[in-house]
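Notes for the one structure printed next.
FYI, side chains are in, hydrogens and waters are out, and symmetry mates aren't considered; it's all heavy atoms of this structure. Chain identifiers are assigned alphabetically (A, B, ...) following the order of the sequence lines, protein sequences preceding nucleic acid strands; residue numbering begins at 1 within each chain.
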Number of protein chains: 2
Amino acid sequence: MSNVAIVGTGHTKFGVRTDVNLQELTWEAVKQALEEANLEQKDIEMFVVGNAGGWSSEPLSAIAIGEYCNLAPKGTMRVEAACATGSAAIRIAYQAIKSGEAKVALVIGVEQMNQSPHPVAVEMMGRAGNYFWEFENFGLTFPGYYALYATRRMAKYGMKEEDLGSVAVKNHYYGSYNPYATFQKQIKMEDYLKSRVVAYPLKLYDACPITDGAAALILASEEVARKITDSPVWIVSQGFASGTINLSKREEFLTIDASRVATEEAYKRAKIDFSDAWRYFDVADVHDCFTIAEIMAYEDLGFAKRGEGHLMARNGETYIGGKIPVNVDGGLKAKGHPIGATGVSMAVSITRQLLYRAHKGTQADIRNGMGITHNVGGTGHYAYITIYSTRKPNA
Amino acid sequence: MSNVAIVGTGHTKFGVRTDVNLQELTWEAVKQALEEANLEQKDIEMFVVGNAGGWSSEPLSAIAIGEYCNLAPKGTMRVEAACATGSAAIRIAYQAIKSGEAKVALVIGVEQMNQSPHPVAVEMMGRAGNYFWEFENFGLTFPGYYALYATRRMAKYGMKEEDLGSVAVKNHYYGSYNPYATFQKQIKMEDYLKSRVVAYPLKLYDACPITDGAAALILASEEVARKITDSPVWIVSQGFASGTINLSKREEFLTIDASRVATEEAYKRAKIDFSDAWRYFDVADVHDCFTIAEIMAYEDLGFAKRGEGHLMARNGETYIGGKIPVNVDGGLKAKGHPIGATGVSMAVSITRQLLYRAHKGTQADIRNGMGITHNVGGTGHYAYITIYSTRKPNA
């Protein structure tokens with residue numbers, strides 16, 4: 001089993017990117033990653049495209065992209081895991097290298113949601129819940145789903161609107177320093193509290209935006225990585241899990257079960273103790289499609305005790321300099337959430353953090369050389385947890 | 001690197017399967033595979049769903065299926081590689097076992113194309129070519145694409161309509177013995193020649209039908225396979241490649257380049273000599289979405305010389321007892337082509353052939369214990385070649 005290193009990263013500006021088509025948008029990220037790794041297309045043995053699709057015009061996105069980026073005839077596929085699509089793409093390339101099927105693999109995450117009108121994109125995302133019972137019969141879309149979690153936690157744990165707001169304020173703060181972020185303006189708690197209610201208690205400022213964007217990673221075997229870079233970032237482990245599509249089959253609306261299961265798998269493989277997990281990591285990117293999701297992630301990753309995630313937000317413990325910096329690239333909330341690109345974007349952020357290459361104003365202190373990403377699809381339909389380190393893991 | 005064995009197979013009746021929903025259809029195949037392997041859901045460490053989607057109502061097909069088949073919280077993803085989707089799903093599970101990330105993995109291929117009206121399904125498949133230039137501007141759909149190849153080969157190699165018809169007659173002949181096939185009636189050459197022209201020279205009997213169906217495989221590491229079965233079928237190697245989405249970027253319309261590239265990769269890994277490749281295999285399943293595709297596959301797999309594939313069809317060399325039996329399960333042509341299920345169905349057919357468990361009237365002589373599948377997506381946008389053996393490959 002080969003160790004797997006990240007040897008190149010690429011990231012486009014996120015936001016409304018109808019200035020380019022899907023292939024052109026992808027190339028911006030792929031070009032960066034190739035240059036960073038000092039590789040050419042001929043060196044890539046396989047590529048995988050994370051793209052949920054549906055709102056853009058190319059149904060065979062992997063192929064359209066492969067042609068434009070001059071990657072054919074390399075083998076490829078498209079993968080979808082709802083909002084965790086990008087992390088699923090990473091998994092495929094990770095397995096390809098680890099199994100010896102490839103020595104250099106390119107991971108692409110891309111989505112161009114603004115090719116369709118907003119109501120179409122919102123409907124498509126809504127249908128990505130349990131289509132038949134929840135969307136068709138009850139009209140439930142994603143703000144409604146996450147509002148269920150938020151209200152339940154308010155009732156049980158005494159969480160306040162201001163606790164949710166603390167996440168929004170933090171993520172907009174860091175987004176203002178990230179030139180790739182969709183939103184680059186800071187907000188104040190009073191802006192948050194005044195913002196329009198979307199699905200109580202969730203307000204406009206609790207939600208991430210419809211976004212276009214692309215991100216890319218080049219993964220290599222240890223043998224290749226040693227030749228082409230002095231600063232590989234290793235993938236230590238990955239855990240993934242799934243949930244029911246039907247929310248009525250879940251026991252409680254207090255957390256994302258799949259995210260906890262996936263975390264335990266990733267920690268077990270990396271020999272990380274859940275009870276004080278935050279001590280291992282210098283920085284984390286978690287799935288904050290809504291602010292409530294970030295609060296639940298704190299708990300599912302073992303950074304806070306069950307029921308205390310909102311206190312961590314309230315006390316500002318996830319700013320740089322705090323207990324553990326979380327989403328200091330702006331998160332989905334301010335950076336944006338181009339579905340297929342999101343998981344790959346998280347990996348790019350953490351890799352650059354560990355190499356001290358984060359944007360000014362967003363660089364965390366790197367002491368242990370370890371970071372983690374937490375990427376959820378749907379309302380816990382999918383969960384992918386990935387652990388990164390500047391130190392080589394045991395093979 | 002662990003060897004990877006197939007330890008369970010499942011296959012539903014293909015055809016119009018609107019008697020069940022997507023999840024129920026899948027369960028028919030998964031149940032069979034679990035029973036065959038004598039395993040339960042708790043033994044499965046991850047599952048992957050090959051489903052191209054678009055025509056059925058569940059956008060998160062992997063999750064809806066995972067819930068219904070009681071597979072959650074196991075990790076999962078959905079994969080798409082156009083008509084090679086099923087083979088892409090196999091690749092992911094194959095890599096998962098080979099890399100040591102899992103010891104038991106379930107591969108699901110499923111499609112329910114009849115949930116949408118036929119014109120919708122046909123349009124969706126047509127859009128899976130090069131959407132912008134070819135479909136939108138020229139209205140080119142798949143019969144038209146493959147007709148380009150057929151007319152070019154008629155002009156260059158003197159191929160006749162009857163040569164195409166030979167493939168149709170053979171595949172309908174074997175389909176008549178396969179209780180899982182959509183079409184179970186034999187046709188005569190005169191029926192073929194009289195059938196309605198769809199896109200010259202392709203007629204109705206040159207084309208595979210819109211189909212619903214599911215197939216499943218359970219893959220296991222060598223360690224696990226040894227414990228649970230006396231008759232594993234090993235995956236020896238897999239090659240995959242891609243082509244341009246834009247047909248005008250291809251040099252000639254005589255063959256599917258990606259299929260040749262993928263074959264060479266698979267043969268190289270399995271140490272098979274291309275020039276007499278047919279001698280290695282007892283049986284093959286190839287991608288006959290149209291009869292012309294099967295003829296090109298003979299050449300791309302090294303069974304016939306370039307330009308002579310149609311002679312192989314004309315001379316009946318791919319019947320059981322001939323040079324090499326091809327598509328003796330009826331092929332896509334008679335068995336049907338439920339996009340995501342097709343590649344998995346091919347693997348099920350070859351596994352059962354190698355174990356002497358094929359349907360009566362379709363069993364080939366097994367001498368070398370080796371078989372091969374050839375699964376193409378689009379018009380060579382994707383190609384996946386997989387080699388199977390009853391003898392354990394070298395790790």
Please report the interatomic distance [atom1]([X]) to [atom2]([Y]), rounded to the nearest 0.5 Å.
X	Y	atom1	atom2	value
Tyr384(B)	Thr76(A)	OH	OG1	6.5 Å
Thr85(B)	Arg78(A)	OG1	CZ	8.5 Å
Arg91(B)	Met77(A)	CZ	CE	6.0 Å
Glu265(B)	Met46(A)	CD	CE	10.5 Å

Next item on the list: Heavy atoms only, distances under 4.5 angstrom: which of Ala96(A), Gly377(A), Ala262(A) has the most pairs with chain B? Name it, please.
Entry: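 Result: the option with the highest number of such pairs is Ala96(A).
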Next item on the list: Decide if atom CD of Glu252(B) counts as having more than 12 heavy atoms of other residues, nucleotides or ligands within a radius under 6.0 Å.
Entry: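 Yes, CD of Glu252(B) has more than 12 neighbouring heavy atoms, counting only those of other groups under 6.0 Å.
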Non-hydrogen atoms of [X] and [Y] that approach each other most closely:
X	Y	value
Ser242(A)	Phe47(B)	OG-CE2, 4.1 Å
Ala62(A)	Tyr382(B)	CB-OH, 3.3 Å
Ile245(A)	Ile63(B)	CB-CG2, 3.5 Å

Item checked: Interchain contact, Ala64(A) with chain B, by part (heavy-atom threshold 4.5 Å) ->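 Both parts, heavy atoms under 4.5 Å.
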Note to self: For a 4.5 angstrom cut-off between non-hydrogen side-chain atoms, does Leu60(B) reach Glu80(A)?
What the structure shows: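 Of all side-chain heavy-atom pairs linking Glu80(A) with Leu60(B), at least one is under 4.5 Å.
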Item checked: Side chains of Glu101(B) and Arg269(A) in contact at under 4.5 Å (non-hydrogen atoms) ->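 They are in contact (side-chain heavy atoms under 4.5 Å apart), so the answer is yes.
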